[in-house]
Structure formats: structure tokens, C-alpha cells
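Note that ligands are numbered from 1 as they come in the structure, with each ligand's atoms numbered from 1 the same way. Please read all numbers here as calculations on a predicted model, not as lab measurements. Keep in mind that the numbers below use all heavy atoms, side chains included, and drop hydrogens, waters and symmetry copies.
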Amino acid sequence: MRTIIFRDKQAVGEAAAILFAAQVLKKANSVLGFATGSTPLETYAALSGLSQRGIVDFSEVRTYNLDEYVGLSPAHEQSYAYFMRRNLFSKINISPENCHLPDGMARDLDAECASYERGIDMDGGIDLQLLGIGHNGHIGFNEPGDAFPDATHCMTLTPETVDANKRFFTSADEVPRRALSMGVGTIMRARAIVLLIHGADKADICQKALNGPITPRVPASILRYHPNVTVLLDQAAAAKL
Ligand code: F6R
């Protein structure tokens with residue numbers, strides 16, 4: 001695991017964009033794994049700029065997002081599909097049919113999870129996966145528990161995560177209680193991973209994930225077993241390392 005500390009979140013985001021740009025320059029038809037949340041916003045802005053300036057060509061890239069809420073259609077402003085369109089896909093030269101998120105409106109959620117996992121395999125697996133981390137150590141929606149979930153699955157959000165996400169909805173009641181998420185296994189099968197951590201509020205979990213015991217109680221801790229993980233963090237998040 002390589003760990004690089006930057007001055008601030010802007011630098012973290014730009015460094016991550018450089019790694020993703022390099023991946024696409026090396027392999028035009030890369031399969032990229034993307035995340036939502038506030039952490040990757042600077043990365044997506046920087047990638048949008050690189051695409052608009054003609055430096056990175058996304059026309060052959062395929063993407064798979066980590067997760068999506070159950071019950072929100074892609075048109076819902078709080079769906080992750082909407083987030084990705086607004087913050088990245090509408091600003092780069094990528095075809096919508098190459099952008100994949102689990103379908104939270106699927107009638108048969110288990111079948112949708114299996115088909116999402118199959119789609120990743122059929123596209124050759126994820127070359128580079130972007131990750132943020134939750135305050136409780138979750139990656140994707142893999143919450144702390146007794147085991148690491150393997151494949152894409154449907155799960156119930158913890159009260160902590162509902163609480164953290166309620167800022168995006170008019171009330172906590174509106175936050176979906178379930179989500180579809182890549183499993184920890186799906187994430188670990190990516191050939192390379194970039195984990196971004198910024199902000200003083202992430203300093204405790206950053207310390208636990210990078211230096212504490214490797215345990216499903218801190219799902220991100222398993223990333224230390226992956227052969228190719230780069231952690232980009234700012235000084236505030238690194239304060240307790
Ligand atoms: C988002 C995701 C989550 C977030 C995490 C951090 O697709 O899978 O694991 O990365 O909740 O969220 P932010 O970046 O908002 O602090």
C-alpha cells in the first residue's frame with residue numbers, strides 16, 4: 001500500500017485524476033470503478049477538464065459504480081446515477097451505454113446484483129477502482145460486520161450511514177434504507193485501487209483503516225491485503241497516523 005499525503009483536498013483530487021488519466025492513456029478501453037459522495041468531487045472536476053481539453057479520451061472507457069440506492073430512479077436528484085451524470089458523465093466524452101450503476105429500481109434485486117457482477121467480469125474486470133471511506137470504515141456500502149461481503153449484494157444501511165446521508169434529503173425519513181453495493185470481494189478483484197481520504201473528520205477512521213487490525217469491523221482495513229492500492233490523503237486526514 002502506497003500512502004501519499006498532500007496539502008489539501010484539491011491536491012488529493014488532482015493527483016487522483018492524474019492516476020485515472022494515466023490509466024486511460026495507457027489503455028484506451030480501461031474499465032474504471034467510480035464512487036459517489038463528496039470525496040471524489042475534485043477528482044471528477046479535474047478529469048472533466050482533462051477530457052474537455054482533449055488530453056484524455058473516454059470514448060472507449062467503460063465504468064462501473066460502487067453502489068446505488070434501492071428505490072431511487074436515475075432521474076431522482078439523490079440517486080447516484082444522477083450524481084455521476086451531473087458531476088462527471090455529462091462533462092466527459094463517454095457514451096451513456098458504457099456507464100454502469102446497479103439498478104436500484106430492479107424488480108428482482110438479487111438477479112440485478114448477479115447481473116452487475118457478471119457485467120464486470122464480461123468487460124474483463126476493473127482496471128482501476130476509486131474509493132472513498134465512510135466514518136465507520138465502510139467502502140461502497142459494505143458496512144462494519146462479522147464478515148466481508150464478497151459479491152454485489154443488497155444491504156440495509158446502518159443508522160449511522162442513514163444519518164450521514166440525510167444532509168442530502170429534506171428529512172432522514174426520505175433516505176432510502178437499502179442499497180445495492182459491490183461487495184468487498186468485487187472491490188478486491190480490481191487490479192488497482194485508489195483510496196481518497198480527506199478532512200479532519202476522517203482522521204480517526206484513517207488511522208484505524210491504515211494502522212489498526214485488519215477486520216470486517218473496519219471494512220477498509222482489508223485493502224492492506226491488496227497488492228496495488230494507492231492512498232491519497234490530505235494533512236488533516238493524516239493527522240493521527
Ligand atoms: C459512495 C460510497 C461511499 C463513500 C463514503 C464516503 O459511492 O461508496 O462508500 O465513499 O460514504 O462518503 P463521502 O465522500 O461523502 O465522505
Under a 3.5 Å distance rule, please check whether Asp146 uses its side chain to pair with a backbone N or O of Pro216 as donor and acceptor. no

What are the two closest heavy atoms between Tyr82 and Pro74, and how far apart are they? CB-O, 3.5 Å

Which of the ligand 1 atoms, numbered from 1, are nearer than 4.0 Å to a heavy atom of Gly37: 14 (O), 15 (O)

Quick one: sort the Tyr44 and Phe34 rings into parallel, tilted or perpendicular, breaks at 30° and 60°. perpendicular

Near Leu66 (heavy-atom distance under 4.0 Å), the atoms of ligand 1 are 8 (O)

Can you tell me the protein heavy atom closest to atom 15 (O) of ligand 1 and the distance? Ser38 N, 2.9 Å

Carboxylate-amine/guanidinium proximity below 4.0 Å for Arg189 and Asp150: yes

Yes or no: does Glu68 have any heavy atom under 4.0 Å from an atom of ligand 1? no

Checking Glu68 side chain against Asp103 main chain: does a donor-acceptor pair fall under 3.5 Å? no

What is the nearest protein non-hydrogen atom to atom 1 (C) of ligand 1, stated with its residue, atom name and distance? Thr36 OG1, 3.2 Å

Could you establish whether Lys202 and ligand 1 come within less than 4.0 Å of each other, counting only heavy atoms on the residue side? yes

With heavy atoms and a 4.0 Å threshold, my read on which part of Thr39 contacts ligand 1 is both

Protein contact to atom 9 (O) of ligand 1 [nearest heavy atom, distance to 0.1 Å]: Gly140 O, 2.8 Å

So, regarding Pro40 and ligand 1 (criterion: nitrogen or oxygen to nitrogen or oxygen, under 3.5 Å), is there a contact or not? no

With heavy atoms under 4.0 Å as the rule, classify the contact between Arg167 and ligand 1 as side chain, backbone, both or neither. side chain

Closest to atom 2 (C) of ligand 1 among protein heavy atoms sits Asp67 OD2, 3.4 Å

Looking only at distances, can you tell me whether any N or O atom of His138, backbone or side chain, sits closer than 3.5 Å to an N or O atom of ligand 1? yes

Could I get the full list of side-chain contact (heavy atoms from CB on, under 4.5 Å) partners for His76, not counting sequence neighbours? Leu72, Ser73, Gln78, Ser79, Phe169

If you group Ile, Leu, Val, Met, Phe, Trp and Tyr whenever their side-chain heavy atoms sit less than 4.5 Å apart, what else falls in with Ile18? none

Closest heavy-atom pair, Val162 versus Ala172, reported as atoms and distance to 0.1 Å, is CG1-O, 4.2 Å

How does Ile133 reach ligand 1, if at all, at less than 4.0 Å between non-hydrogen atoms: by side chain, backbone, both, or neither? backbone

State the CZ-CG distance between Arg2 and Leu232, to the nearest 0.5 angstrom. 9.0 Å

Close-contact set for ligand 1 against Gly132 heavy atoms, below 4.0 Å: 10 (O)

